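Comments concern the structure below.
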Amino acid sequence: MAIPKILIVDDRPENLLALEGLLDKFHIELIKANSGEEALAHTLDHDFALILLDVQMPGMDGYEVAELMRGNRKNKHIPIIFVTAASKASSHIFKGYESGAVDYLLKPLVPLVFQSKVGVFIELFEQKEALREKTQEFDRKLVELEELQQQLEETNEQLLMLSTTDGLTGLLNRRRFDEVFSEEWKRGIRSQSSLSLIILDIDDFKAYNDTYGHQVGDDCLREVTRTLSNIPLREMDKLARIGGEEFAIILPETDTEGAMQAAKRVRTSIDRLAIPHSSSSSHQHLTISVGVSTVIPKADLSSRKLMEAADMALYEAKHSGRNCCCSMAVTNMVVNS
Ligand SMILES: Nc1nc2c(ncn2[C@@H]2O[C@H](COP(=O)(O)OP(=O)(O)OP(=O)(O)O)[C@@H](O)[C@H]2O)c(=O)[nH]1
């Protein structure tokens, strides 16, 4: 903590010396001035714990000095004690308080009274300093805390992203798909509107990997993802990667006809990419098979039934020569091109 500074102002060197002697017992930095002008100049450079100001000085007297000090925002709160001859006291005391004195001491000074008063102001200054330091520390900690909070939020966001998205494609992962599917199922029960599910699977992808290598296989998955992401779907439709080369699209409030239209757009968009696939069992380029199912969700029906139906539709598409879309409404199967 900073050592308290005390300014003593008196035009007589012997008075300054006497004050210095009385202040000797305190652990302070003492600054001396023998005129009001000099005292004002010191207040520009220092932050004083206390100013002991002589009243009668040639030129600017103590009252004028005090008024000028009080007029300055920086010095406004520095305690000033006037020191004056006892004979002048009665006529001067009010003027002293008006010009901003916090106390009035009469010469000759009584050492014990003087020192105990000065001691109080030093203590006040030290308490003020301690409070200022604590406030600064508190502000620093607050900034640190805000930064940590920010980092925590970012980390949580990243964690959430990592736990809900697939690293290779950036699409929703299987875990998030299951959550979204379950939410949409519940929403469908409430609104009693059709919920459709499209499951699509790249044809002969094992052979693709075997022929071109796993790295090219990864690039191909990313290319397929880009294409699927660019297919115009509705805002509420959700695309996810639910397996190695298997993707799903949840289409809330969509009937079979609408879902089949979307499925056909999906199949065609991959077909049109014409990615070479020399070892495909059905075509010379990369294709997908698509399974579609639609149901109006009901409380006594498991959402798994919709998944199973879409899976079975996909299975059917594979066995119908691949590169096609099949739909299945739990019992009835329709094969489409
Ligand atoms: N490159 C790459 N390959 C993957 C990834 N995930 C799964 N696979 C591969 O995808 C292939 C899927 O093979 P299968 O399940 O036999 O299916 P398929 O060869 O596509 O045959 P059909 O589905 O019947 O047309 C496997 O060889 C997996 O190793 C991946 O992230 N990157």
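Since the structure is predicted, the reported quantities are computational estimates derived from the model, not experimental observations. Atoms within each ligand, like the ligands themselves, are counted from 1 in listed order.
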Original post:
Between Arg241, Glu179, Lys238, which is the residue that forms a side chain to side chain contact (heavy atoms under 4.5 Å, CB included) with Leu172?
Top reply: Lys238
**OP:** Mind telling me whether Tyr104 and Phe82 have parallel, tilted or perpendicular rings, with 30° and 60° as the class edges?
**Re:** tilted
Could you give the side-chain donor-acceptor pairs of residues 216-224 under 3.5 Å, partners two or more places apart or in another chain?
unit_1 : atom_1 : unit_2 : atom_2 : d
Asp219 : OD1    : Arg222 : NH2    : 3.0
Glu223 : OE1    : Arg226 : NH2    : 2.9

N/O to N/O under 3.5 Å, ligand 1 against protein:
unit_1   : atom_1 : unit_2 : atom_2 : d
ligand 1 : 1 (N)  : Asn209 : OD1    : 3.0
ligand 1 : 1 (N)  : His214 : O      : 3.1
ligand 1 : 1 (N)  : Asp218 : N      : 3.4
ligand 1 : 1 (N)  : Asp218 : OD1    : 3.0
ligand 1 : 3 (N)  : Asn209 : ND2    : 2.8
ligand 1 : 19 (O) : Phe205 : N      : 3.2
ligand 1 : 19 (O) : Lys206 : N      : 2.8
ligand 1 : 20 (O) : Ile202 : O      : 3.1
ligand 1 : 20 (O) : Asp204 : N      : 3.4
ligand 1 : 20 (O) : Phe205 : N      : 2.6
ligand 1 : 20 (O) : Glu245 : OE2    : 3.3
ligand 1 : 23 (O) : Asp201 : OD1    : 3.0
ligand 1 : 23 (O) : Lys318 : NZ     : 2.9
ligand 1 : 24 (O) : Arg322 : NH2    : 2.8
ligand 1 : 25 (O) : Asp204 : N      : 2.7
ligand 1 : 25 (O) : Lys318 : NZ     : 2.9
ligand 1 : 25 (O) : Arg322 : NE     : 3.1
ligand 1 : 25 (O) : Arg322 : NH2    : 3.4
ligand 1 : 31 (O) : Arg241 : NH2    : 2.7
ligand 1 : 32 (N) : Asp218 : OD1    : 2.6

**OP:** Sequence neighbours left out, what pairs pass side-chain hydrogen bond (donor to acceptor under 3.5 Å, both in side chains) with at least one residue falling in residues 143-163?
**Re:** Gln150-Glu154
Subject >> Listed once per pair and sorted, the salt bridge (charged side-chain N to carboxylate O under 4.0 Å, His left out) pairs that draw on residues 40-58, sequence neighbours left out >> reply: Asp54-Lys107
Subject >> Aromatic plane relationship, Phe48 with His46 - under 30° parallel, 30 to 60° tilted, over 60° perpendicular >> reply: tilted
